[in-house]
Amino acid sequence: MQESNNITYIFLIIILLLVVIIGFMVYQLVQVRKAKNEVDKNFYALEMKVNDLQLETLESKLNPHLFKNILNSIQSHAYQTYFALDKLANVLDYILYESKKKFVTAKEEIDFALNLIEINKIKISPLFELKIKKNIDVDDKLYEEPLLAPLISIDLIENAFKHADLQSPDAFISVIFEFKDNAFAMTVSNKISDKKVLKKERSGIGNTTLENRLRIIYKNNFKLDKFVENDIYIAHLKINLLEYKTEMFTSR
């Protein structure tokens, strides 16, 4: 009799455990479905923003397909979705609203560039070396003064991610932001991929647009160097904002 009761108790415990496990799995499934619905909602909201993106002037000429590709990359990597969507929302808001201004602060532009880099990280291998460095003098009076053309950093960053082999453990991208002595500077370097990049229609427009913008806005107050050294492509941009500000006041 005692043995029969023990068997009954064990059987009931097993049933109870199974019920708990099944209940937990159902709960998890419900939570996953809720999370998926929320992600889909955010995804489509951002997609609508991309569709509404108007790039009419030289100073805001961007390829909306870039953001379509980013959205697709984010959607295929669920474990990074929330983080990446948040960063993408910041990037789109900056492009849609801040880029309409003639000038932004160096702090705003650097924050935008960092968000853009975080989004692009979703496409790279875990072994890929991505080095980001900031050398910022936050006490510099011009650091938070609107003197920098918006989106000035985007072409150099896009170019690095386009021409580096993002799945190779031997490749790398390095981005250095600097603000000191009243000047904004950024250096972007990457090991050039052995794979041939397919030439697309309108390819190269980014570099041309960047140089044109710099020349039109800053005239002789900037320096843009691009060169290849030991299979490493290096681009260095420096804008002397103090000299530019002085010239603006003088011209007035």
Side-chain angles (χ1 to χ4, degrees), residues 53-67 90-117 119-120 132-163 174-190 202-227 233-252:
L53 193 60
Q54 299 298 317
L55 309 172
E56 298 173 352
T57 66
L58 179 64
E59 293 183 341
S60 62
K61 187 177 289 183
L62 295 170
N63 186 352
H65 294 295
L66 165 70
F67 298 100
N90 293 335
V91 165
L92 287 175
D93 284 341
Y94 186 88
I95 292 171
L96 287 168
Y97 307 116
E98 300 304 319
S99 67
K100 293 180 180 179
K101 300 176 182 178
K102 186 174 182 180
F103 294 108
V104 296
T105 69
K107 182 181 185 303
E108 290 172 327
E109 180 67 14
I110 292 172
D111 287 343
F112 158 75
L114 292 172
N115 281 327
L116 186 63
I117 291 169
I119 293 170
N120 277 285
I132 310 297
K133 184 179 178 181
K134 292 192 295 180
N135 183 14
I136 308 294
D137 180 6
V138 295
D139 295 324
D140 192 310
K141 292 181 180 179
L142 297 187
Y143 180 56
E144 295 198 42
E145 189 168 335
L147 291 168
L148 206 60
L151 308 177
I152 210 75
S153 61
I154 193 170
D155 293 315
L156 299 183
I157 293 172
E158 282 185 33
N159 191 66
F161 279 93
K162 177 181 177 181
H163 292 285
S174 171
V175 184
I176 302 173
F177 297 100
E178 295 182 277
F179 198 98
K180 57 183 180 179
D181 301 326
N182 304 303
F184 166 82
M186 66 181 296
T187 303
V188 182
S189 56
N190 64 275
R202 295 168 58 89
S203 64
I205 191 171
N207 290 329
T208 303
T209 300
L210 174 61
E211 293 180 23
N212 287 341
R213 291 184 68 203
L214 290 168
R215 194 174 298 111
I216 292 168
I217 299 170
Y218 296 105
K219 299 180 172 60
N220 297 319
N221 298 312
F222 80 93
K223 187 176 182 182
L224 178 61
D225 295 317
K226 292 180 278 188
F227 55 94
Y233 180 86
I234 302 171
H236 177 72
L237 169 64
K238 183 176 182 180
I239 305 173
N240 192 318
L241 297 178
L242 181 59
E243 288 185 7
Y244 174 66
K245 182 179 179 181
T246 302
E247 286 189 7
M248 279 200 306
F249 279 110
T250 303
S251 63
R252 290 175 183 174

(message) Restricting to salt bridge (charged side-chain N to carboxylate O under 4.0 Å, His left out), what partner residues turn up for Glu108, sequence neighbours left out?
(response) none
(message) Going by side-chain hydrogen bond (donor to acceptor under 3.5 Å, both in side chains), name the pairs with one or both residues in residues 138-147, residues two or more places apart or in two chains.
(response) Glu145-Lys245
(request) State, with a plain yes or no, whether a side-chain heavy atom of Pro150 is found less than 4.5 Å away from one of Leu148. (result) no
(message) Once rounded to the nearest 0.5 Å, what's the spacing between atom OG1 of Thr187 and atom CG of Asn135?
(response) 10.5 Å
(request) Would you give the length of the straight line joining atom CD1 of Ile152 to atom CG of Leu237, rounded to the nearest 0.5 angstrom? (result) 6.5 Å
(request) May I ask you to check whether Tyr94 and Phe112 place their ring centers less than 6.0 Å from one another? (result) yes
(request) Using a 4.5 Å cut-off on heavy atoms from C-beta on, say whether the side chain of Ile157 contacts that of Ile117. (result) yes
(request) Determine whether Leu224 and Leu210 make a side-chain contact, defined as any pair of heavy atoms from C-beta on separated by less than 4.5 Å. (result) yes
(request) Only counting residues at least two apart or in another chain, list the ones meeting salt bridge (charged side-chain N to carboxylate O under 4.0 Å, His left out) with Lys223. (result) Asp225
(message) For a quick test of reading the model, state the closest non-hydrogen atom pair linking Ala149 to Ile217 and the distance between them.
(response) CB-CD1, 3.7 Å
(message) Could you work out, with side chain to side chain donor-acceptor pair (under 3.5 Å) as the rule, every residue matching Asn240, not counting sequence neighbours?
(response) Glu243
(message) For a ring pair (Phe, Tyr, Trp, His ring centres under 6.0 Å) check, start with the C-alpha distance between Tyr244 and Tyr218, then their side-chain angles and the critical distance, and finish with the verdict.
(response) CA-CA 7 Å; Tyr244 174 66; Tyr218 296 105; 4.8 Å; yes
(request) Measure the shortest side-chain to side-chain distance between Met186 and Ile176 over non-hydrogen atoms and say whether it is less than 4.5 angstrom. (result) no
(message) Tell me whether Glu109 contacts the main-chain N or O of Val104 through its side chain, where contact means a donor paired with an acceptor under 3.5 Å.
(response) no
(message) Working to the nearest 0.5 angstrom, can you tell me the gap between Ile119 CD1 and Asn90 CG?
(response) 8.0 Å
(request) With sequence neighbours excluded, tell me which residues meet ring-ring contact (aromatic ring centres under 6.0 Å, His included) with Phe177. (result) none
(request) Could you tell me which non-hydrogen atom of Asn190 sits nearest to which non-hydrogen atom of Ala160, and how far apart they are? (result) OD1-CA, 3.6 Å
(request) Check side-chain contact (heavy atoms from CB on, under 4.5 Å) between Ala183 and all other residues, then give those that pass, not counting sequence neighbours. (result) Lys238
(request) Mind checking side chain to side chain donor-acceptor pair (under 3.5 Å) for Ser189 and listing every partner two or more places apart, or none if nothing turns up? (result) none
(message) Within this structure, what is the CD1-OG distance for the pair Ile110 and Ser153, rounded to the nearest 0.5 Å?
(response) 8.5 Å
(message) Going by the rule side chain to side chain donor-acceptor pair (under 3.5 Å), which residues pair with Asp181 if we only count those two or more places apart in sequence or in a different chain?
(response) none
(request) Return the set of residues passing side chain to side chain donor-acceptor pair (under 3.5 Å) with Asn182 (not counting sequence neighbours), or none when no residue passes. (result) none
(message) Working note: Thr246 + Thr250, criterion side chain to side chain contact (heavy atoms under 4.5 Å, CB included); need CA distance, chi angles, decisive distance, verdict.
(response) CA-CA 6 Å; Thr246 302; Thr250 303; 4.2 Å; yes
(message) If the condition is salt bridge (charged side-chain N to carboxylate O under 4.0 Å, His left out), which residues does Lys180 pass it with, not counting sequence neighbours?
(response) Glu178
(request) Find the distance between CG (Asn115) and CG (Asn120) and round it off to the nearest 0.5 Å. (result) 11.5 Å
(message) For Asn220, I'd like to know if atom CG has over 12 heavy atoms of other residues, nucleotides or ligands within 6.0 Å.
(response) no
(message) So Phe179 and Leu142, do their side chains get closer than 4.5 Å, heavy atoms only?
(response) yes
(request) Apply salt bridge (charged side-chain N to carboxylate O under 4.0 Å, His left out) to Asp137 and list each qualifying residue two or more places apart in sequence or on a separate chain. (result) none
(message) For Phe222, give me all partners under ring-ring contact (aromatic ring centres under 6.0 Å, His included), at least two apart in sequence or on another chain.
(response) none
